[in-house]
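If you read the sequence from its start, that first residue is 1, and numbering goes on from there.
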Amino acid sequence: MGESQEDTPMEVEAGAFVPPSIHGNPLLVGQSYSHFSPVPPSLLPKDPSNPASATPCCLGVDEAGRGPVLGPMVYGVFYLPIEQSDHLLRETHHFDDSKVLTASVRSSLMEVLCKEGSDLHENCGWATTALSARDIGANMLKPVGVYNLNAQAMDATIDLIKGVYARGVNIQEIYVDTIGPPATYQAKLQRIFPTAKVTVAKKADSLYACVSAASVCAKVTRDMALEALYEDRKDPADHEGEDDTAMAWGSGYPSDARCTGWLRNNLHPVFGWGPECRFSWGTAKDMLDAKGNGVKVEWPVDDDGETSRVTDFFVSGEKDTNELGHWFGTPADLEAF
C-alpha cells in the first residue's frame with residue numbers, strides 16, 4: 001500500500017475543496033494508498049528521547065464507502081489532545097456523524113482543518129487509507145486464502161494507528177466505530193495497542209467527537225475520490241446539457257439506479273469495467289454472468305514440452321499377472337548362457 005506522497009491535484013467539480021488525501025496517480029490506476037497529515041508541533045514529544053512527554057491525545061477511527069460497488073473504501077483517523085476534544089470539535093466547529101452533515105458542511109470543515117493557522121490545523125492531525133475497488137475485489141476473489149472485507153478493514157485500521165504512533169503522537173485513548181462484534185474487535189485492538197484505552201462501539205461516530213471528525217475526513221476523501229475517478233472515466237455524451245454536471249454513475253451504490261444503469265451501459269464484454277469497480281460485488285458479478293453480457297474466457301494450460309503428467313509414468317499394454325516374477329531381477333533366456 002502506497003505511503004503518503006506528493007501528487008498532482010485532481011480536477012473535479014468547480015468550487016469543491018480537494019483535500020490533500022486525494023492522490024491522483026494511485027487513485028486513477030486502482031492502487032490503494034495512505035495519506036498522513038503533518039503532526040502539529042504542539043503534539044510532538046517535548047523530550048525526543050521520551051515519547052510519553054508528548055501531549056496525551058485521543059484518536060478516532062471511522063470509514064466511508066463500505067457498501068458501494070464503485071470507488072474506494074476510505075478509512076480515516078483523527079487525533080487531538082484529550083482535553084480539547086469536545087470543546088474544539090463539538091462546541092466550536094460542530095462536528096457530527098458525517099451522514100447527518102450536508103456535503104457543503106463536511107467540505108467546509110475539511111477545508112478549515114487543512115488551512116494553516118486555523119485552530120483545527122494547529123491542534124489536530126488526521127490520516128486516511130483509500131482501499132481501491134480493484135484491490136478490494138482482487139483480495140476477495142482470490143482462489144486460495146480469501147482476504148475478506150472485514151479483514152482488509154481491520155488491517156487498514158491497525159496500519160493507520162501504527163502510523164500515527166510512529167510519527168511520535170502520544171495516543172492514550174482510541175475510539176472506533178465497529179465493523180463487527182464490538183467486544184471481539186476491541187479485544188484484538190487492545191492486544192495490539194496495550195498502552196492505550198481502546199473503546200469499540202456501535203454509533204461511535206455520534207458518541208465520540210474524534211470519531212465524528214474521522215468520519216468527516218473519510219467521507220470527504222471518498223466523495224472527492226469518486227468525483228476524480230468519474231472525471232477521468234466520464235463520457236462527454238452523458239453531459240450534453242449545460243446544467244448536466246451530476247455524475248452519471250450516481251453515488252456508486254448498487255441501490256442507486258444511476259449506478260446500475262451506468263454499469264450496464266459501460267460494460268465491456270471482456271474486461272468488464274476499470275479499476276473503479278469492485279468485481280467481487282454481486283451487482284458486478286451478476287451483470288458479467290448474465291447471458292449475452294460478458295464473454296467467458298478460458299485460459300489454456302501452457303505446455304512447454306518438459307512438464308510430465310502423472311499418467312506418463314504408467315506403461316500401457318497387457319497387464320503382467322506375475323507380480324512377483326521380477327522381484328529378484330529380470331529373467332534371462334538360455335541364450336544368455
Side-chain angles (χ1 to χ4, degrees), residues 1-13 18-35 63-76 128-143 145-149 151-153 155-156 159 218-236 238 247-254 256 258-290 293-297 299:
M1 188 177 297
E3 277 292 333
S4 176
Q5 55 190 3
E6 292 296 326
D7 209 339
T8 53
M10 302 301 305
E11 294 183 2
V12 293
E13 183 179 352
V18 182
S21 50
I22 300 298
H23 297 186
N25 293 336
L27 177 65
L28 297 182
V29 300
Q31 178 184 341
S32 299
Y33 68 91
S34 296
H35 172 88
E63 56 79 21
R66 184 176 179 81
V69 65
L70 295 176
M73 176 172 72
V74 178
Y75 261 81
T128 58
T129 289
L131 298 174
S132 72
R134 184 196 68 180
D135 289 348
I136 289 173
N139 285 325
M140 294 179 68
L141 292 172
K142 286 182 176 180
V146 174
Y147 189 21
N148 66 40
L149 193 63
Q152 294 180 58
D155 288 346
D159 287 345
K219 178 63 173 170
V220 172
T221 299
R222 150 78 190 175
D223 287 350
M224 296 312 298
L226 198 64
E227 289 265 8
L229 283 167
Y230 184 72
E231 284 296 312
D232 185 65
R233 309 282 194 263
K234 72 178 182 181
D235 183 349
D238 293 332
M247 294 186 294
W249 63 26
S251 63
Y253 280 82
D256 188 338
R258 293 172 300 172
C259 173
T260 53
W262 184 90
L263 287 170
R264 192 173 293 109
N265 294 332
N266 290 272
L267 190 160
H268 189 283
V270 176
F271 301 108
W273 304 273
E276 72 277 356
C277 180
R278 303 180 191 180
F279 283 76
S280 56
W281 256 232
T283 305
K285 290 195 292 186
D286 291 345
M287 284 190 186
L288 285 171
D289 292 341
N293 285 345
V295 175
K296 185 176 181 180
V297 178
W299 300 100

Tell me, do [X] and [Y] make a side-chain contact under 4.5 Å, heavy atoms counted?
X    : Y    : answer
P269 : N293 : no
C259 : Y253 : no
M73  : R278 : yes
S251 : L70  : no
E276 : W249 : yes
E63  : V74  : no
S34  : D159 : no

Measuring from atom [atom1] of [X] to atom [atom2] of [Y], what distance do you get when rounded to the nearest 0.5 angstrom?
X    : Y    : atom1 : atom2 : answer
S32  : N139 : OG    : CG    : 8.0 Å
L131 : R222 : CG    : CZ    : 11.5 Å
M247 : E231 : CE    : CD    : 9.5 Å
Y33  : T129 : OH    : OG1   : 9.5 Å
K142 : S280 : NZ    : OG    : 12.5 Å
T128 : K219 : OG1   : NZ    : 14.5 Å

Evaluate the criterion side-chain contact (heavy atoms from CB on, under 4.5 Å) for residue pair Q31 and R134; output intermediate values, then yes/no. CA-CA 7 Å; Q31 178 184 341; R134 184 196 68 180; 4.3 Å; yes

Check: F271 main-chain N/O paired with H268 side-chain donor or acceptor under 3.5 Å: yes

Say whether, by atom type as modelled, one donor and one acceptor occur between the side chain of D256 and the main chain of G252 under 3.5 angstrom. no

State, to 0.1 Å, how close [X] and [Y] come at their nearest heavy-atom pair, and which atoms those are.
X    : Y    : value
T221 : S21  : OG1-OG, 2.7 Å
T260 : P254 : CG2-O, 3.3 Å
I22  : A225 : CD1-N, 3.5 Å
A153 : Y75  : CB-OH, 3.3 Å
G71  : L229 : CA-CD1, 4.2 Å
A133 : P275 : CB-O, 3.5 Å

Which residues share a side chain to side chain contact (heavy atoms under 4.5 Å, CB included) with A151, sequence neighbours left out: Y147, N148

Taken in chain and number order and not counting sequence neighbours, the residues that satisfy side chain to side chain contact (heavy atoms under 4.5 Å, CB included) with L288 are L267, W273, F279

Under the side-chain hydrogen bond (donor to acceptor under 3.5 Å, both in side chains) test, which residues partner R66, sequence neighbours left out? N150

Worked check of side-chain contact (heavy atoms from CB on, under 4.5 Å) between E227 and D223: CA-CA 6 Å; E227 289 265 8; D223 287 350; 5.6 Å; no

